Amino acid sequence: MASVLDAPHAGIGAPISVEAALNYTRKTGVRPVNYTFDPPDGVPRNSGEIDTHRVTIHNARLEIGLGLDRSGFTLIDQRSPLEDWTDYRDPERVKAHYYPAVDAALRARTGAVKVVIFDHTLRDSTAPAGRAEVRDPVRRVHDDQTFDSAPNRVRKHLPPDEAEQRLRGRFAIVNFWRPIGGPIEQAPLALCDARSIAPDDLIPSDLVYRDWTGETYSFAYNPRHRWYWYPEQQPDEVTLLKVFDSATDGTARLTAHTAFDDPNTAFDASPRRSIEVRTLLFW
């Protein structure tokens with residue numbers, strides 16, 4: 001995968017770092033279960049035991065050496081063909097106009113020979129928890145797939161013969177994450193350097209949809225984790241986030257991420273609106 005250098009843009013006056021609370025998951029021996037919708041009465045929406053820690057989150061715009069294959073994330077400049085929140089609320093418009101732009105950007109940046117976009121999610125920091133059309137930001141440290149579930153994504157979205165062929169080569173799952181309508185002022189995205197994550201930090205967890213159950217990673221706290229964020233990320237800036245990589249040659253295989261409450265956020269800050277497109281990349 002070709003390296004992508006971070007693209008300095010906004011946030012020139014932002015601090016070098018901030019201190020903020022991140023919600024990890026405590027290891028209890030019980031498998032966490034998280035619902036994407038309101039579960040039946042008496043069932044908690046998230047069963048994992050929260051373990052909150054204050055951490056230092058560094059300004060990624062000031063850091064040298066980050067990259068999709070090194071730290072597991074990067075920032076690129078890419079203008080969207082869609083203009084405003086209303087455009088993104090139309091799923092057919094997103095698929096017709098935004099998906100091709102995502103496909104082209106990922107091919108150009110990573111050298112992938114095939115890109116499969118399998119879904120997208122809109123988020124709004126004012127949205128009630130449990131909504132399907134527009135979800136609230138996730139404020140738990142997590143990764144969207146596991147080493148076991150990632151190959152199942154390939155089998156789910158490709159014909160059987162092609163899936164088995166592609167699984168013999170390198171593939172990755174990368175999220176394409178963009179602000180909508182203005183810079184991120186509330187609930188920015190914190191990203192953990194993949195090089196600071198240990199295998200023992202990973203907690204396989206169920207993610208329950210209405211029609212199926214996926215597997216994600218929750219994360220146990222580790223003081224070695226090194227966290228970053230892109231202050232004031234703009235709508236023409238995209239975070240590429242490594243969810244999974246089948247490569248085992250020292251390339252970043254995954255990273256952790258979560259929304260967090262920046263203590264410097266103004267009381268009248270605009271809501272955070274964003275879109276994340278989830279993709280399979282093949283080489």
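Basis for what follows: all heavy atoms, side chains included, without hydrogens, waters or symmetry-related copies. Not measured: the values here are computed from a predicted model.
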Exercise. Under 3.5 Å, side chain of Asn23 to main-chain N/O of Thr52, donor-acceptor pair present?
Worked result: no

Exercise. Same cluster or not: are Ile117 and Val243 linked, directly or through other Ile, Leu, Val, Met, Phe, Trp or Tyr residues, by side-chain heavy atoms under 4.5 angstrom apart?
Worked result: no

For this session: Return the minimal non-hydrogen interatomic distance between Thr216 and Asp144, and the atom names on each side.
Result: CG2-O, 3.3 Å

For this session: Say whether Ser125 and Gln186, considering side chains only, have a donor N or O and an acceptor N or O under 3.5 Å apart.
Result: yes

Exercise. For the atom pair OG (Ser80) and CG (Asp236), what is the distance rounded to the nearest 0.5 Å?
Worked result: 10.0 Å

Problem set entry | Donor-acceptor contact below 3.5 Å, side chain Asp103 vs main chain Tyr99 | no

Exercise. Closest heavy-atom contact between Tyr98 and Val277?
Worked result: CE2-CG2, 3.6 Å

Exercise. Can you tell if the side chain of Glu237 reaches within under 4.5 Å of the side chain of Ile76, non-hydrogen atoms only?
Worked result: no

Exercise. Roughly how far apart are Thr121 OG1 and Ile275 CD1, rounded to 0.5 Å?
Worked result: 8.5 Å

For this session: Return the minimal non-hydrogen interatomic distance between Asn222 and Ser196, and the atom names on each side.
Result: ND2-O, 4.4 Å

For this session: May I have the step-by-step check of side-chain hydrogen bond (donor to acceptor under 3.5 Å, both in side chains) for Thr239 and Gln233, ending in yes or no?
Result: CA-CA 9 Å; Thr239 297; Gln233 185 174 339; 3.1 Å; yes

Exercise. Do Val55 and Leu189 belong to the same hydrophobic cluster, where Ile, Leu, Val, Met, Phe, Trp and Tyr are linked whenever their side-chain heavy atoms lie under 4.5 Å apart, directly or via other members?
Worked result: no

Problem set entry | Ser218 and Ser205: side chain donor to acceptor below 3.5 Å | yes

For this session: Please tell me if the side chains of Asn34 and Arg140 come closer than 4.5 Å, counting only heavy atoms from C-beta onward.
Result: yes

Exercise. Would you say the side-chain atoms of Lys27 pair up with the backbone N or O of Asp200, donor to acceptor, closer than 3.5 Å?
Worked result: yes

Problem set entry | Leu158/Phe282 under side-chain contact (heavy atoms from CB on, under 4.5 Å): CA gap, chis, key distance, verdict | CA-CA 12 Å; Leu158 291 181; Phe282 300 96; 3.7 Å; yes

Problem set entry | Tyr88/Trp85 aromatic ring centres below 6.0 Å | no

Exercise. With a 4.5 Å limit on heavy-atom distance, are the side chains of Val94 and Leu82 in contact?
Worked result: yes

Exercise. Is any side-chain heavy atom of Phe73 less than 4.5 Å from a side-chain heavy atom of Leu240?
Worked result: no

For this session: Report the distance from atom CG of Asp245 to atom CD of Gln145, rounding to the nearest 0.5 Å.
Result: 13.5 Å

Exercise. Does a salt bridge link Asp51 with Arg26, judged by any charged N lying under 4.0 Å from a carboxylate O?
Worked result: yes

Problem set entry | Asn175 side-chain N/O to Trp177 backbone N/O, donor-acceptor pair under 3.5 Å | no

Problem set entry | SB check Asp69 Lys242 (cutoff 4.0 Å) | yes

For this session: List the atom of His257, the atom of Trp227, and the distance in Å for their closest heavy-atom pair.
Result: CA-CZ3, 4.2 Å

Problem set entry | Asp143 CG to Phe244 CZ distance, which is reported to the nearest 0.5 Å | 10.0 Å

Problem set entry | Partners passing side-chain hydrogen bond (donor to acceptor under 3.5 Å, both in side chains) against Asp211 (at least two apart in sequence or in another chain) | none

Exercise. Just wondering, do Arg153 and Phe118 contact through their side chains at under 4.5 Å, heavy atoms?
Worked result: yes

Problem set entry | CA sep, side-chain torsions, deciding dist, call: Arg224, Asp201, salt bridge (charged side-chain N to carboxylate O under 4.0 Å, His left out) | CA-CA 11 Å; Arg224 293 187 63 254; Asp201 302 337; over 6 Å; no

Problem set entry | Heavy atoms from other residues, nucleotides or ligands near CG of Asp119 exceed 12 (cutoff 6.0 Å) | yes

Exercise. Yes or no on side-chain contact (heavy atoms from CB on, under 4.5 Å) for Thr25 and Glu49, after CA distance, side-chain angles and deciding distance?
Worked result: CA-CA 6 Å; Thr25 299; Glu49 184 178 333; 5.7 Å; no

Problem set entry | SB check Arg168 Glu164 (cutoff 4.0 Å) | no

For this session: Spell out, yes or no, whether Val238 and Leu106 are grouped together once hydrophobic residues are joined by side-chain heavy atoms under 4.5 Å, including indirect joins.
Result: yes

For this session: Report yes or no: does Asn46 contribute a side-chain atom to a donor-acceptor pair with the main-chain N or O of Gly48 at less than 3.5 Å?
Result: no

Problem set entry | Residue pair Ile57 / Phe260, side-chain heavy-atom distance below 4.5 Å | yes

Exercise. To the nearest 0.5 Å, what is the distance between CG (Leu241) and CD1 (Ile173)?
Worked result: 11.0 Å

Exercise. Given side chains that start at C-beta, do those of Ile203 and Pro32 come closer than 4.5 Å, heavy atoms only?
Worked result: yes

Exercise. Is Arg273 paired with Asp124 through a side-chain N to carboxylate O contact shorter than 4.0 Å?
Worked result: yes

Problem set entry | Test side-chain contact (heavy atoms from CB on, under 4.5 Å) applied to Arg178 and Glu276, step by step | CA-CA 6 Å; Arg178 179 196 299 278; Glu276 60 211 58; over 6 Å; no

Exercise. Between Arg278 (side chain) and Val174 (backbone), is there a donor-acceptor pair under 3.5 Å?
Worked result: no

Problem set entry | OG1-CH2 distance between Thr258 and Trp229, expressed to the nearest 0.5 angstrom | 15.0 Å

Exercise. Taking His225 for the side chain and Pro223 for the main chain, is one N or O donor matched with an acceptor at less than 3.5 Å?
Worked result: no

Problem set entry | ILVMFWY cluster, Val141 and Leu202 together (side-chain gap under 4.5 Å) | yes

Exercise. Can you check whether Phe171's main-chain N or O pairs, donor with acceptor, with Ser246's side chain at less than 3.5 Å?
Worked result: yes

For this session: Establish, yes or no, whether the cationic atom of Arg253 lies under 6.0 Å from the six-membered ring centre of Phe147 and within 45° of the ring axis.
Result: yes

Exercise. Hey, mind stepping through Arg139 and Asp261 against salt bridge (charged side-chain N to carboxylate O under 4.0 Å, His left out) and telling me if it holds?
Worked result: CA-CA 9 Å; Arg139 287 179 166 84; Asp261 293 319; 3.3 Å; yes

Problem set entry | side-chain contact (heavy atoms from CB on, under 4.5 Å) between Leu22 and Tyr221, intermediate numbers included | CA-CA 9 Å; Leu22 299 188; Tyr221 173 68; over 6 Å; no

Exercise. Can you get from Phe176 to Val134 by hopping between Ile, Leu, Val, Met, Phe, Trp and Tyr side chains that sit under 4.5 Å apart?
Worked result: yes

Exercise. Taking C-beta and beyond as the side chain, do Leu122 and Arg135 meet within less than 4.5 Å on heavy atoms?
Worked result: no

Exercise. Do Glu162 and Arg155 meet the salt-bridge criterion of a basic N to acidic O distance under 4.0 Å?
Worked result: no

Exercise. Does any N or O in the side chain of Arg123 come within less than 3.5 Å of the main-chain N or O of Asp136, such that one atom is a donor and the other an acceptor?
Worked result: yes

Seminar exercise, completed: For Arg70 and Ala252, the nearest pair of non-hydrogen atoms, with its separation, is O-CB, 3.7 Å

Exercise. For Trp283, is the NZ or CZ atom of Lys114 found under 6.0 angstrom from the centre of its six-membered ring and inside 45 degrees of the ring axis?
Worked result: no

For this session: Determine yes or no for a side-chain-to-main-chain donor-acceptor pair under 3.5 angstrom, with Thr146 supplying the side chain and Tyr217 the backbone.
Result: no

Exercise. Would you say Asp268 has more than 12 foreign heavy atoms packed within less than 6.0 Å of its CG?
Worked result: yes

Seminar exercise, completed: Correct closest heavy-atom pair for Phe37 and Val208 would be CE2-O, 3.6 Å

